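Hydrogens, waters and symmetry mates play no part in the numbers below; they use all other heavy atoms, side chains included. Worth saying up front: this structure is predicted, and the values here are computed from it rather than measured.
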Amino acid sequence: MAKVKYLLQGLRADCNHEDTIKELLSPSQNYDQIIIYSAFNRSESVYFLNDELTWYGKKACVIIGIRNGSTSKQGLEALFKTGVDLYAVDTGYSTVLFHPKAYVGINHLKKYARAIIGSANFTPGGFRRNIENSCVIEFDLSDKSDQQFINEFIAGKQAFLTNYDPNNVIHIQNEDDIKKLFNDGRVVNELARKRLANVGISTTKKIIHRMPIHMKKHLQGANKAKGHLLSHTGSAILNETTLVNFHEVWKSRPLSERDLTIPQKSNTNPTGSMLLKKGMYNIDFQSYFRYEVFKNLKWFQDPSSKKTYFEYASAKFHFIIDGIEYPQYLLTIQYDKRTDTKSYKQRNGNTHLHWGAAKSLIKNRALLGKTLYLYQIDGKQDEFIIEIKDSDVE
């Protein structure tokens, strides 16, 4: 029958996960199978367990969460060099993480297993700095219930590795695989300044589809505010170097095929732009964008066009999609200044954001139903951030 001890890190200096996990993974235990789950991973903690992990090599399966702003390129590289069987998990969300933490060693021949299951990530914080708690368990595999638990744990791991898309559960088989994750913005650089609003930078424009995850839903409308939603402010580090402050100026309703310039039918021509309307704001949208959000841009008319009622302006837009930063684009805003048209009187929108070169990024069905947040960068008249993610309001 299993023996269970409680570990609360933070009460005493000698009570920590780092030493307890190192002891659990000792080569003297001679496990024939090790399974490690962790939401986050950093290189410093790998170096601390380097000898143990190297000794076990492929007997150890290590599964690490990515797209979370914490797991680093250096951490995965350090793990890979130990020779373990390494996987990375990207849920495809910025708001839903791969979040288990477990360190389990099994000796099937001698019928025993040991486990640490709790809150401690494979990071310096999880190992020794944070207040963390776990159950430290010794299993007797001659006991039927203990063996059943271990069997279910192994089966769960195996099902997890085989049932999901390989773009979500990535088997890392060489260092180029880690480099690709970094280039996609799915892991961070430990040497770079920490980003506050995004979890990584993509150089590839790759958008990962979400994993099918069963989640408890909030009651519809339970947290919705009435009228104009409060604009929120924040800061972000863009391109790993530039710290900017920003404030929210608009929030869309769930994005549609029309917004994302995805043709609904084979004979439908996409417009290439998004019509800016009321969204989640209580505004006069027919004037708000031209005379408030984009009022400081340099507006002009096209002298070669007979449609003199159209005004145009350009601005720089940074893109953050599900926590990953993509390249900056120069986009055009088009405003129809007429107030006597049937369309205007029917309260239709009159401001278009043309996607231009960003269309290849936006034209993606994985973004359907998400919310677009528009932020103005403080102190910059012509620079904005577009963030696309699941809505903050359930």
Side chains of [X] and [Y]: donor-acceptor distance under 3.5 Å anywhere?
| X | Y | answer |
| --- | --- | --- |
| E190 | S43 | yes |
| Q74 | N189 | yes |
| S28 | S26 | yes |
| H352 | D336 | no |
| H99 | K101 | yes |

### Task
Not counting sequence neighbours, which residues clear ring pair (Phe, Tyr, Trp, His ring centres under 6.0 Å) with F40? List them please.
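In terms of ring pair (Phe, Tyr, Trp, His ring centres under 6.0 Å), with neighbours along the sequence ignored, F40 is linked to no residue.
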Verify the cluster assignment for L353 and F310: are they in a single hydrophobic cluster under the rule of side-chain heavy atoms below 4.5 Å apart?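 Different clusters.
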Search all heavy atoms of [X] against all heavy atoms of [Y] and return the closest pair with its distance.
| X | Y | result |
| --- | --- | --- |
| D184 | I324 | O-CG2, 3.4 Å |
| D259 | P254 | OD2-O, 4.2 Å |
| K277 | G349 | CG-CA, 4.3 Å |
| N41 | I64 | CB-CG2, 3.6 Å |
| Q29 | Y112 | O-OH, 2.5 Å |
| I117 | A102 | CG1-CB, 4.0 Å |

Please collect all side chain to side chain donor-acceptor pair (under 3.5 Å) contacts where either partner lies in residues 125-135, sequence neighbours excluded, each pair once.
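Matches after skipping sequence neighbours: Y6-N133, H17-S134, E18-R128, E44-R128, S119-E132, N130-E132.
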- Message: Between K316 and D382 (salt bridge meaning N to carboxylate O under 4.0 Å), is one present in this structure?
- Response: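 Between D382 and K316 there is a salt bridge, with a charged N closer than 4.0 Å to a carboxylate O.
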message = Taking ring-ring contact (aromatic ring centres under 6.0 Å, His included) as the criterion, tell me which of F294, F289, F319 meets it with F384.
response =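 Filter result, single survivor: F294.
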Side chain to side chain contact (heavy atoms under 4.5 Å, CB included) evaluation trace for W250 with F285: CA-CA 10 Å; W250 186 67; F285 58 89; over 6 Å; no
*Give the intermediate values and the outcome of side chain to side chain contact (heavy atoms under 4.5 Å, CB included) for residues E387 and E248.*
CA-CA 10 Å; E387 182 178 26; E248 183 183 299; over 6 Å; no
Is the ring pair [X]/[Y] parallel, tilted or perpendicular, if the boundaries are 30 and 60 degrees?
| X | Y | answer |
| --- | --- | --- |
| F153 | F149 | parallel |
| Y288 | Y281 | tilted |
| Y37 | F98 | perpendicular |
| Y335 | W299 | perpendicular |

Rounded at 0.5 Å granularity, tell me how far [atom1] in [X] sits from [atom2] in [Y].
| X | Y | atom1 | atom2 | result |
| --- | --- | --- | --- | --- |
| I63 | I36 | CD1 | CD1 | 10.0 Å |
| N107 | I34 | CG | CD1 | 10.5 Å |
| I172 | L181 | CD1 | CG | 5.5 Å |
| I388 | L361 | CD1 | CG | 7.0 Å |
| K278 | I283 | NZ | CD1 | 8.5 Å |
| Q33 | K157 | CD | NZ | 5.5 Å |

Requested in this report: Carefully, step by step, assess E292 and V249 under the rule side chain to side chain contact (heavy atoms under 4.5 Å, CB included).
Outcome: CA-CA 9 Å; E292 291 191 49; V249 293; over 6 Å; no
#### Entry: Qualifying residue, where the test is side chain to side chain donor-acceptor pair (under 3.5 Å) with D322 and the options are K389, K370, R67
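Among K389, K370, R67, the one that satisfies the side chain to side chain donor-acceptor pair (under 3.5 Å) with D322 is K370.
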message = Walk me through whether L7 and C15 qualify under side chain to side chain contact (heavy atoms under 4.5 Å, CB included).
response = CA-CA 7 Å; L7 170 59; C15 186; 3.1 Å; yes
Query - Cation-aromatic face contact K59/Y31, 6.0 Å, 45 degrees - result: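 Judged by the rule, K59 and Y31 form no cation-pi pair.
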